[in-house]
Engineer: 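Below is a structure I'd like to ask you about.
Reckoned from all heavy atoms, side chains included, excluding hydrogens, waters and symmetry mates.
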Amino acid sequence: MIITKSVMMMSKLLNILSKPTAFVLAAGLLTAPALPQAVMAQTTTQKIAASDAFPGLQKFLSLPSGERSQVNVYYVLRIKKCDSSQVRLTLTSGGTTTPLTIAGDGRVTPLPNAAQLSNGTVNISGPSTCVVGPKVKVFSTQGLKTEYDAAGLATGIKQGNAAMTKIAGVMAVALPKLDRVHFIGGGEAVAEFANGQKKPLPRTGNNGEYPAGTPYFVPSQMGGAVKIHLSSTPRAVMFDNPPK
């Protein structure tokens, strides 16, 4: 079978994350070590409730728009121990089946809407030995460009933390807090202040999740910044917590 018994715990987990061993909230992101523990024997298919396949998305979409104006989420599938190109996902809702695309970086599109999460199912199929786990990533709604509103990014950090707190419920105390924004592929980056002064942004090292040299902005360390200027349009603008 594709899915182990941990599937049976997923709906309970989403009700205040009562099964932290099935999903772990870390790095300010909803993280699942498996989808859950999707272990495949030969080629087979398993049906999962859409709300279980995309943990936390239903609660995120239920937040008022004003509480997520600067922040959004996407889901990445971490696929191990098999050829990821052979893993297939479909979403069925209201009698319609829609193929879900898994990009090269694992990102899943399109995501279910609120109605599809309520009554839809996801079919996952693939070859033997696959282990598949979803991870939620938090990104800025300001888009991909070379100039950013610093106050908006700071608001996004606050909204991201508030959203994850509401989604996690009583488990929120274990969540590392978002405090920075990474501009992946942004090139040279500076923060501009109200008096016209500019200060270079710090960059990541060689041993983190992001490519070495990725500029990042920590609003608490650059109080009064009004704009962030990049020399290149970034591939992604991601919120995250301090590295371990």
Engineer: Between E192 and H229, is any pair of side-chain heavy atoms under 4.5 Å apart?
Structural biologist: yes
Engineer: So, T204 side chain and T214 main chain: donor-acceptor pair closer than 3.5 Å or not?
Structural biologist: yes
Engineer: Measure from the side-chain N and O atoms of Q116 to the backbone N and O of N113, and report whether any donor-acceptor pair falls under 3.5 Å.
Structural biologist: yes
Engineer: Show the nearest heavy-atom pair for residues A191 and A225, with the distance to one decimal.
Structural biologist: CB-CB, 4.3 Å
Engineer: Shortest non-hydrogen contact from P110 to P99?
Structural biologist: CD-O, 4.1 Å
Engineer: Check which hydrophobic residues are tied to V218 through side-chain heavy-atom contacts below 4.5 Å, counting indirect links as well, and list them.
Structural biologist: Y216
Engineer: Can you tell if the side chain of L117 reaches within under 4.5 Å of the side chain of L57, non-hydrogen atoms only?
Structural biologist: yes
Engineer: Can you measure from CZ (F217) to CG (D179) and round to the nearest 0.5 angstrom?
Structural biologist: 11.0 Å
Engineer: With no hydrogens and no angle check, just 3.5 Å: does a side-chain donor-acceptor pair link T97 and T92?
Structural biologist: yes
Engineer: Do P219 and I157 come close enough that some side-chain heavy atom pair is under 4.5 Å?
Structural biologist: yes
Engineer: How about CG on N206, more than 12 heavy atoms from neighbouring residues, nucleotides or ligands closer than 6.0 Å, or not?
Structural biologist: no
Engineer: Could you state the interatomic distance from OH (Y75) to CD1 (I102), rounded to the nearest 0.5 Å?
Structural biologist: 15.0 Å
Engineer: K137 and M238: side chain to side chain contact (heavy atoms under 4.5 Å, CB included), yes or no, with the steps?
Structural biologist: CA-CA 7 Å; K137 295 202 171 187; M238 309 302 302; 3.5 Å; yes
Engineer: Could you measure the distance from the CG atom of L89 to the OG1 atom of T98? Nearest 0.5 Å is fine.
Structural biologist: 12.0 Å
Engineer: How many angstroms lie between atom NZ of K227 and atom OG1 of T146, to the nearest 0.5 angstrom?
Structural biologist: 11.0 Å
Engineer: How about P242 and P176: do any of their side-chain heavy atoms sit closer than 4.5 Å?
Structural biologist: no
Engineer: Let's go through V190 and L201 carefully: what are the C-alpha distance in whole Å and the side-chain angles of both, what is the deciding distance for side chain to side chain contact (heavy atoms under 4.5 Å, CB included) to 0.1 Å, and is it a yes or a no?
Structural biologist: CA-CA 5 Å; V190 297; L201 296 189; 5.9 Å; no
Engineer: Which heavy atom of L153 sits nearest to which heavy atom of S140, and what is that distance?
Structural biologist: CD2-OG, 3.8 Å
Engineer: Please check if the side chain of R107 supplies one atom and the backbone of G104 the other of a donor-acceptor pair under 3.5 Å.
Structural biologist: no
Engineer: Roughly how far, to the nearest 0.5 Å, is CG of L144 from CG of L230?
Structural biologist: 10.5 Å
Engineer: May I ask you to decide if E188's main-chain N or O and S231's side chain share a donor-acceptor pair within less than 3.5 Å?
Structural biologist: yes
Engineer: Would V131 and R78 satisfy side chain to side chain contact (heavy atoms under 4.5 Å, CB included), going step by step from the backbone distance to the final call?
Structural biologist: CA-CA 8 Å; V131 177; R78 298 176 297 177; over 6 Å; no
Engineer: Below 4.5 Å, heavy atoms only, C-beta onward: do Q46 and V122 meet side chain to side chain?
Structural biologist: no
Engineer: Determine, step by step, whether K80 and C130 satisfy the side chain to side chain contact (heavy atoms under 4.5 Å, CB included) criterion, reporting the C-alpha distance in whole Å, the side-chain angles of both residues, the deciding distance to 0.1 Å, and the verdict.
Structural biologist: CA-CA 6 Å; K80 301 178 181 179; C130 272; over 6 Å; no
Engineer: Can you see whether Y210 has R235 sitting over its ring - NZ or CZ less than 6.0 Å from the centre and within 45° of the normal?
Structural biologist: no
Engineer: Checking K145 against Y148: charged group under 6.0 Å from the ring centre and within 45 degrees of the axis?
Structural biologist: yes
Engineer: List the atom pairs, donor and acceptor, that lie under 3.5 Å between side-chain atoms in residues 66-74 and the rest of the protein, sequence neighbours left out.
Structural biologist:
| residue | atom | partner | partner atom | Å |
| --- | --- | --- | --- | --- |
| E67 | OE1 | K166 | NZ | 2.7 |
| E67 | OE2 | K166 | NZ | 3.3 |
| R68 | NE | F60 | O | 3.4 |
| R68 | NE | L63 | O | 3.0 |
| R68 | NH2 | L61 | O | 3.1 |
| R68 | NH2 | L63 | O | 3.4 |
| S69 | OG | Q159 | NE2 | 3.0 |
| Q70 | OE1 | Q142 | NE2 | 3.4 |

Engineer: Donor-acceptor check, side chain of N123 to backbone of T90, threshold 3.5 angstrom: yes or no?
Structural biologist: no
Engineer: What distance do F193 atom CZ and K198 atom NZ have between them, rounded to the nearest 0.5 Å?
Structural biologist: 11.5 Å
Engineer: If every non-hydrogen atom of C82 is compared with every non-hydrogen atom of V87, which pair is closest and at what distance?
Structural biologist: SG-CG2, 4.2 Å
